[in-house]
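Within every chain, numbering begins at 1; the chains are lettered A, B, ... in the order of the sequence lines, protein sequences first and strands thereafter.
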Protein chains: 2
Amino acid sequence: MLELIELFFFAYRNFVSDPDEILQGIGFGRAHHRVLHFVNRHPGMRVTDLLEILRITKQSLGRVLRELVDQGFIDSRAGKSDRRQRLLYLTPKGEALARQFVAIQSRRIARALSECGPDSRELCRRFLVAMIDTEDRGSVEKLIARADQIAADPSRARKA
Amino acid sequence: MLELIELFFFAYRNFVSDPDEILQGIGFGRAHHRVLHFVNRHPGMRVTDLLEILRITKQSLGRVLRELVDQGFIDSRAGKSDRRQRLLYLTPKGEALARQFVAIQSRRIARALSECGPDSRELCRRFLVAMIDTEDRGSVEKLIARADQIAADPSRARKA
DNA sequence: CATTTATGTCAGCCATGTTGACTTTTTTCG
DNA sequence: CGAAAAAAGTCAACATGGCTGACATAAATG
C-alpha cells in the first residue's frame, strides 16, 4: 500500500511537471493552467462554475483570471439572460495555449497507457474515479461528460 | 484523453485532502507530511537524501525540517562515519503521526482497489510507474524496494 | 422596493518553493 | 599538512497561490 502511495506522489509530480515547462516560458503558474484548462473544456462557463470546480476562493481566482484576461487568453463577457454573470471563453490565443497543454499532458498518459496494454485504459479510468470521493463522483463524471458533449457539438456551449 | 487528465487531477486532489485534515489539526502543511513520510520509510536517511527525493532546495527543507525537529517529531543525529551528516529518524511521536498518515492514505487506495477488483492492484501499479519519467523509474522503484526491505528488516536502516 | 446574488476589489496573512550569499565543521586528496 | 570540497545550516528576499474578512456595484428576485 505504501508503494502505491509513493507511486501516486511521484506520478503526479511528473504529470504536472510537463505543463510547468510551458508555464514557465510565459510567466504563468499552475493556477493559470487550471483555469485555462477548464474554460477550454467549458466555453461560456461562469466564474461561479470555476470556483466550484477548482474549489478556491474568488480572491484566488480573481488574481489569476485577471491576468489571463489582461493578457488576452480569456475573454470575459456579460451574460445575456443575467448580466451580472461573466461568461468565460478562450480567445484564439488562449485556445492555442490550451492545445499545447492538452498535447503535452496527453503524451505522458498515452505513453503510460501504451505501456500497460490495450485494455488498461478502462481500468485506469475506473481506478481514478474510485480514488475520488464518493459524493463527488457524480458531479465529476457529469462535468467530464458535459465537456465531451461540447467538444463533440460546440453549439452546446453557453452563448454570450 | 482529456477525461484521464481531469480524473487524475481530481483524484490527486482528493488523495492529498485526507492528510490535510490531520495536518491542519497540528498546524503543519503538506511539506511537513512529505518529510515525515520519507523519514518514516527510510530511517537514518541523510538530509541530502531528502533533498534528492523531494527535489527541493535545502532552504525549503530546512524550514520544515527544523519545525519537525523542534516539535519532537524527528530526531537528527550526526553520522558516525561522517560527522558532517545529519541522519534523520522519527521519534515515537513522529512514528505515531506517520502511522496516522499511512492509515488515512491507505484507506482511500484500498477502497479504490476493492472497487476495481482483485487483479487491479498490479495494473494500477504499472500505470503509475509508467506515468513516471523513464529516467526516474529505476531510482523510484529502487527507493520503494529499499524502504520495503527496511520495513521487513529494520536492522537494515542506517544507524547513528 | 428591500433583499439577495454575481462579481470584483482591497488588504493582510500563510505555506512552500526559489535564488543568492555566507558560515561552520568535517572530510578528502594531492 | 593544508587547500579544496562536501554536508549542513542560516539569512534574506521574492514568487506563487491559497485563505480570511470586509466592502462595493450592478443586476435579479419576490
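- Picking from D:dA8, C:dG8, C:dT26 the nucleotide with the shortest atom distance to the side chain of B:Asp82 gives C:dT26.
- Judged by closest nucleotide on DNA chain C, A:Ser76 is the one of A:Ser76 and B:Leu61 placed further toward the 5' end.
- One can find a donor-acceptor pair under 3.5 Å joining the base of D:dA6 and the side-chain atoms of B:Arg84.
- Residues B:Ile53 and B:Leu143 are in side-chain contact: their nearest non-hydrogen atoms beyond the backbone lie under 4.5 Å apart.
- Along DNA chain D, the nucleotide nearest to A:Arg55 and the one nearest to A:Arg83 differ in position, and the one closer to the 5' end is contacted by A:Arg55.
- Nearest nucleotide to the B:Arg34 side chain, out of D:dA6, C:dT19, C:dG17: C:dG17.
- Ranking D:dA8, C:dC10, C:dT26 by closeness to the A:Gln59 side chain, first place goes to C:dC10.
- Residue contacts shown for A:His32 are limited to sugar-phosphate atoms, with no base heavy atom under 4.0 Å away.
- A salt bridge is absent between A:Glu115 and B:Arg126: the closest approach of a Lys/Arg side-chain nitrogen to an acidic carboxylate oxygen does not fall below 4.0 angstrom.
- Whole-Å rounding puts the B:Leu23 CG to C:dC14 P distance at 18 Å.
- The aromatic rings of A:Phe8 and B:Phe15 sit perpendicular, their planes meeting at an angle over 60°, well past the 30° parallel limit.
- The CD1 atom of B:Ile56 sits 14 Å away from the C1' atom of D:dG9 (whole-angstrom rounding).
- Rounded to whole Å, atom P of D:dG9 lies 11 Å from atom CG of B:Leu87.
- Judged by distance alone, the side chains of A:Gln105 and A:His37 never bring a donor and an acceptor atom under 3.5 Å apart.
- Using a 4.0 Å cut-off between a side-chain N of Lys or Arg and a carboxylate O of Asp or Glu, B:Arg146 and B:Glu141 do not qualify as a salt bridge.
- Annotation: of the two residues near DNA chain D, B:Leu51 and A:Phe28, the 5′-most nearest-nucleotide partner is B:Leu51.
- Rounded to a whole Å, the CZ atom of A:Arg77 is 21 Å from the C1' atom of D:dA26.
- Considering only the side chain of B:Val64, C:dT16 comes nearest among D:dA27, C:dT16, C:dT27.
- Contact annotation for A:Arg63: base contact, defined as any heavy-atom pair under 4.0 Å involving a base atom.
- Salt bridge status for A:Asp75 with A:Arg77: present, with a side-chain N to carboxylate O gap under 4.0 Å.
- Within the 4.0 angstrom heavy-atom criterion, no nucleotide atom of any strand lies near B:Gly62.
- Following rounding to the nearest Å, B:Arg30 (CZ) and D:dG18 (C1') show an atom-to-atom distance of 10 Å.
- Taking the side chain of B:Ser60 as heavy atoms from C-beta on, and the options C:dG17, C:dA21, C:dT9, the nearest nucleotide is C:dG17.
- Straight-line distance from the CD atom of A:Glu67 to the P atom of C:dG8: 14 Å, rounded to whole Å.
- To the nearest angstrom, P of D:dA8 lies 10 Å from NZ of B:Lys58.
- The interatomic distance linking A:Arg46 (CZ) with C:dG8 (P) rounds to 13 Å, in whole Å.
- Comparing D:dA7, D:dC19, C:dT7 by their nearest atom to the side chain of B:Thr48 picks out D:dA7.
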